[in-house]
Amino acid sequence: MAKSVLNAPHFQNEDEAFAYVESRLWPNGPVCHHCGNADQKRIKKLEGETTRKGLYKCNECRKPFTVRMGTIFESSHLPLHLWLQVIHLMCASKKGISTRQIQRMLQCSMKTAWHLTHRIREAMRDGSLAPMGGAGKTVEIDETFACRIEDAPKGRKPVGSAFRSIALTLVERGGPASSFHVANTSLAVIIPIIRANIARETAIMTDKASWYKNLSRYFPDHSAVDHRREYVRYEGDKIITTNTVEGFYGVFKRGMRGVYQHCSEKHLHRYLAEFDFRYSNREKLGVNDSDRAERALLGVVGKRLTYQTTCH
């Protein structure tokens, strides 16, 4: 029998929403945002008739706090259960969901919808210091044109790299994706990003672009496919192709053209982070456990204690 996932209690009730977030960000009980006190005997929940929901008081520093503090929910007047609805929609929509659609669903202002979706994208940014790949693993690398640059002349159709920003993506086969907004495809820009984000023992696969030709200096196994005559090449059990990263770009471009339609260059890194997050958590989006992706996102949210409350 069909049942809407948005009928879950934490999507419909504010008390349930606070309980849902607290259980994931505070698995061992409330922690004071101000002094870090985690002694449950020194923390009291305030439950007066005029007290705002989810408010606690720390008896160590004598300051009040809620689970919203230090996360993307801070300084927002939007009810927490509506935040969770938007998080779920952004995690479960393969090609994204537009700001206008969020505005229509929440019946809020365009500014509110735009700001909360950008906060969620900011939380989706990985920030992991661990390199991709490793011994026995393969990482595919490619780049694509993403959107018009800010100072592109109006009325001019972009040709090649002229007036268009560039995205570089690293995709581990059977693993995560990591994308970067790059100024150009020069060796001075591309090589440092690749070396900093991929483990030294990884097998690398690219196309025949000139900016990848020196990768064999830094990685023991670099294979390239010539797209002028082939899309895949077999050398024994080795499959040489960049079809995995091309598949990532297929979803990314359909989302940017069909859903978002326009993206300014200064926010491109956030849209890339959104598509990276969904791709890297794609196995967590199954219909039998539809809230696993949002739980993964809430785990990221809990770590972003330095996130600023405005999107620059």
Side-chain angles (χ1 to χ4, degrees), residues 125-147 149 158-257 263 265 268-269 271-282:
R125 294 174 65 184
D126 184 11
S128 174
L129 298 178
M132 300 173 64
K137 296 184 178 180
T138 301
V139 172
E140 298 180 13
I141 307 171
D142 202 3
E143 78 293 327
T144 191
F145 298 122
C147 60
I149 61 177
V159 178
S161 60
F163 313 131
R164 290 199 282 188
S165 56
I166 301 171
L168 173 73
T169 300
L170 321 175
V171 175
E172 180 181 322
R173 288 185 181 174
S178 185
S179 301
F180 306 87
H181 176 200
V182 295
N184 53 62
T185 54
S186 65
L187 293 174
V189 172
I190 298 292
I191 297 298
I193 294 176
I194 294 174
R195 294 186 65 188
N197 291 277
I198 301 179
R200 177 70 174 80
E201 310 81 24
T202 309
I204 303 296
M205 293 194 183
T206 67
D207 56 24
K208 285 283 189 177
S210 60
W211 41 87
Y212 299 129
K213 63 182 180 182
N214 293 326
L215 287 179
S216 56
R217 296 181 183 178
Y218 313 108
F219 298 93
D221 186 358
H222 173 216
S223 303
V225 60
D226 189 351
H227 283 164
R228 293 173 297 182
R229 60 182 182 180
E230 62 185 3
Y231 285 96
V232 61
R233 186 170 74 255
Y234 297 91
E235 295 181 358
D237 294 334
K238 188 176 181 181
I239 303 175
I240 302 173
T241 183
T242 58
N243 283 349
T244 308
V245 66
E246 294 287 356
F248 172 88
Y249 282 143
V251 175
F252 172 71
K253 290 183 177 180
R254 285 176 176 85
M256 296 306 293
R257 294 173 182 172
C263 168
E265 186 180 16
L268 175 59
H269 66 287
Y271 287 93
L272 288 170
E274 177 187 353
F275 283 88
D276 285 348
F277 178 86
R278 275 197 297 266
Y279 184 88
S280 300
N281 292 276
R282 60 195 180 279

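Summarising the geometry, atom CG belonging to L168 is positioned 5.5 Å from atom CD1 belonging to I194; distances are rounded to the nearest 0.5 Å. To the nearest 0.5 Å, atoms CD (E201) and CG (D221) are separated by 12.5 Å. Going from atom CE of M256 over to atom CG of L268 covers 6.5 Å, rounded to the nearest 0.5 Å. For the atom pair CD1 (I191) and NZ (K213), the distance works out to 10.5 Å, reported to the nearest 0.5 Å. Atom OG in S216 sits 11.0 Å away from atom CD1 in I204 (nearest 0.5 Å). To the nearest 0.5 Å, atom CE of residue M132 and atom OG1 of residue T202 are 8.5 Å apart.
Residues G255 and F275 approach most closely at CA-CZ, 3.9 Å, considering heavy atoms. Across all their heavy atoms, W211 and L187 have their closest contact at O-CD2, 3.1 Å. Of all non-hydrogen atoms in H181 and L272, the two that sit nearest each other are N-CD1, 3.9 Å. Residues T185 and E143 approach most closely at CG2-CG, 4.0 Å, considering heavy atoms. Taking every heavy atom of both residues into account, S223 and K238 meet most closely at OG-NZ, 2.8 Å. Residues C263 and Y271 share a closest heavy-atom pair of SG-CD1, 3.4 Å.
Within a 6.0 Å radius of CZ in R257, other residues, nucleotides and ligands contribute 12 heavy atoms or fewer. Residue K208 qualifies as open at atom NZ: its count of foreign heavy atoms under 6.0 Å is 12 or below. Atom OH of Y231 is surrounded by 12 or fewer heavy atoms from other residues, nucleotides or ligands within 6.0 Å. More than 12 non-hydrogen atoms from other residues, nucleotides or ligands lie less than 6.0 angstrom from CZ of R233.
Considering only heavy atoms from C-beta on, D207 stays 4.5 Å or farther from E246 through its side chain. Side-chain contact between V232 and I239 is present, with at least one heavy-atom pair separated by less than 4.5 Å. Counting only heavy atoms from C-beta outward, the side chains of F219 and I198 approach each other to under 4.5 Å. The shortest side-chain heavy-atom distance between T241 and V225 does not fall under the 4.5 Å cut-off. By the 4.5 Å heavy-atom criterion applied to side chains, S179 and F248 are counted as neighbours.
Checked against V171 for a side chain to side chain contact (heavy atoms under 4.5 Å, CB included), the options D142, V245, T138, I141 give a single hit: V245. Exactly one of N243, T244, T169, T242 qualifies for a side chain to side chain donor-acceptor pair (under 3.5 Å) with E140. That residue is T244.
Of the possible polar contacts, one joining the R200 side chain to the Y218 backbone as a donor-acceptor pair under 3.5 Å is found.
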